[in-house]
Novice: 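Below you will find the structure I want to go over with you.
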Amino acid sequence: KAGVTQTPRYLIKTRGQQVTLSCSPISGHRSVSWYQQTPGQGLQFLFEYFSETQRNKGNFPGRFSGRQFSNSRSEMNVSTLELGDSALYLCASSLEGGKGLEQYFGPGTRLTVT
Amino acid sequence: AQSVTQPDIHITVSEGASLELRCNYSYGATPYLFWYVQSPGQGLQLLLKYFSGDTLVQGIKGFEAEFKRSQSSFNLRKPSVHWSDAAEYFCAVGATGGYNKLIFGAGTRLAVHP
């Protein structure tokens with residue numbers, strides 16, 4: 001079974017621009033979570049989607065948003081990029097049910113803001 | 001508030017030596033606990049998980065972890081380390097309210113000497 005895929009793997013943007021990152025979950029997984037990883041703050045939860053609905057959101061400004069499509073693929077968007085948004089963005093997918101918290105991560109998208 | 005503490009930022013061991021990585025959590029109820037490993041430039045790979053039952057859990061790559069409620073700990077162990085185990089290791093707890101939100105520790109970077 002194919003793992004979680006994320007595109008693009010690397011991205012360079014300029015301050016003030018916006019960016020969209022994509023995540024395709026493992027086949028059959030209906031939940032997609034997003035995390036930001038930085039050297040200073042570590043791994044922080046952004047949000048989680050299930051059946052096209054955002055169920056949980058971390059403590060990030062409104063510039064960070066996401067959505068999920070009917071095929072469970074998810075995108076996250078960051079508007080008005082700041083230098084501090086440079087990070088590795090990780091997507092994770094999981095089944096719903098008894099093992100719903102067991103998350104499988106993609107390789108991440110490395111975003112650099114200049 | 002829920003939190004995870006990994007007291008050791010960096011650990012160096014010799015190949016063939018035993019390994020123990022420490023993890024302490026703060027959580028009101030029975031926690032869902034995880035260990036993930038991240039190789040440079042990669043996403044996170046699930047090593048093992050604890051949901052309930054037997055407090056000694058076995059994972060992939062020869063790792064095991066023991067849940068100790070009295071000490072609020074979930075330490076990761078391996079009897080004999082291989083050079084390929086060099087990576088960063090993250091302990092995580094499933095957050096209250098579920099919905100697939102993980103709270104991560106800061107990570108322990110493992111170096112292995114030949």
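By convention in this document, chain letters (A, B, ...) are assigned in the order of the sequence lines, proteins followed by strands, and residues within each chain are numbered from 1.
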Novice: Could you give the distance from CD (A:Q44) to CG (B:L102), rounded to the nearest 0.5 Å?
Specialist: 13.5 Å

Novice: Under a 4.5 Å side-chain heavy-atom rule over Ile, Leu, Val, Met, Phe, Trp and Tyr, are A:V19 and A:L83 clustered together?
Specialist: yes

Novice: Can you say whether A:R110 sits under 4.5 Å from chain B via the side chain, the backbone, both, or neither, judging by heavy atoms?
Specialist: neither

Novice: Atom CZ of residue position A:R9 - does it have more than 12 heavy atoms of other residues, nucleotides or ligands inside 6.0 Å?
Specialist: yes

Novice: Please flag which part of A:Q37 lies under 4.5 Å from any non-hydrogen atom of chain B: side chain, backbone, both or neither.
Specialist: side chain

Novice: Would a hydrophobic clustering, with Ile, Leu, Val, Met, Phe, Trp and Tyr connected at side-chain separations under 4.5 Å, put B:L76 with B:F74?
Specialist: yes

Novice: Which region of B:L46, side chain (C-beta onward) or backbone (N, CA, C, O), has a non-hydrogen atom less than 4.5 Å from a non-hydrogen atom of chain A, or is it both or neither?
Specialist: side chain

Novice: Report yes or no: do B:L21 and B:V4 belong to one cluster of Ile/Leu/Val/Met/Phe/Trp/Tyr joined by side chain heavy-atom distances under 4.5 Å?
Specialist: yes

Novice: With a 4.5 angstrom heavy-atom cut-off, which part of A:L88 approaches chain B: side chain, backbone, both or neither?
Specialist: side chain

Novice: Tell me whether B:H82 at atom NE2 has more than 12 heavy atoms from other residues, nucleotides or ligands lying less than 6.0 Å away.
Specialist: yes

Novice: Taking transitive links into account, so neighbours of neighbours count too, which hydrophobic residues share a cluster with B:L56 at under 4.5 Å side-chain distance?
Specialist: none

Novice: Supply the atom-to-atom distance B:K101 NZ to A:K57 NZ, rounded to the nearest 0.5 angstrom.
Specialist: 10.5 Å

Novice: Is chain B contacted by the side chain of A:Y35, its backbone, both, or neither, given a heavy-atom distance below 4.5 Å?
Specialist: side chain

Novice: Using the rule that two of Ile, Leu, Val, Met, Phe, Trp, Tyr join whenever any of their side-chain heavy atoms come within less than 4.5 Å, decide whether B:I9 and B:F104 are in one cluster.
Specialist: no

Novice: Any chain of hydrophobic side-chain contacts (each under 4.5 Å) joining A:V4 to A:L46?
Specialist: no

Novice: Does atom CG (A:N59) have a neighbourhood of more than 12 heavy atoms from anything else shown, all under 6.0 Å?
Specialist: no

Novice: Name the region of A:L43, side chain, backbone, both or neither, that has any atom closer than 4.5 Å to a heavy atom of chain B.
Specialist: both

Novice: Using a heavy-atom cutoff of under 4.5 Å, enumerate the residues of residues 34-45 of chain B that contact chain A, numbered in order, or state 'none'.
Specialist: B:F34, B:Y36, B:Q38, B:G41, B:Q42, B:G43, B:L44

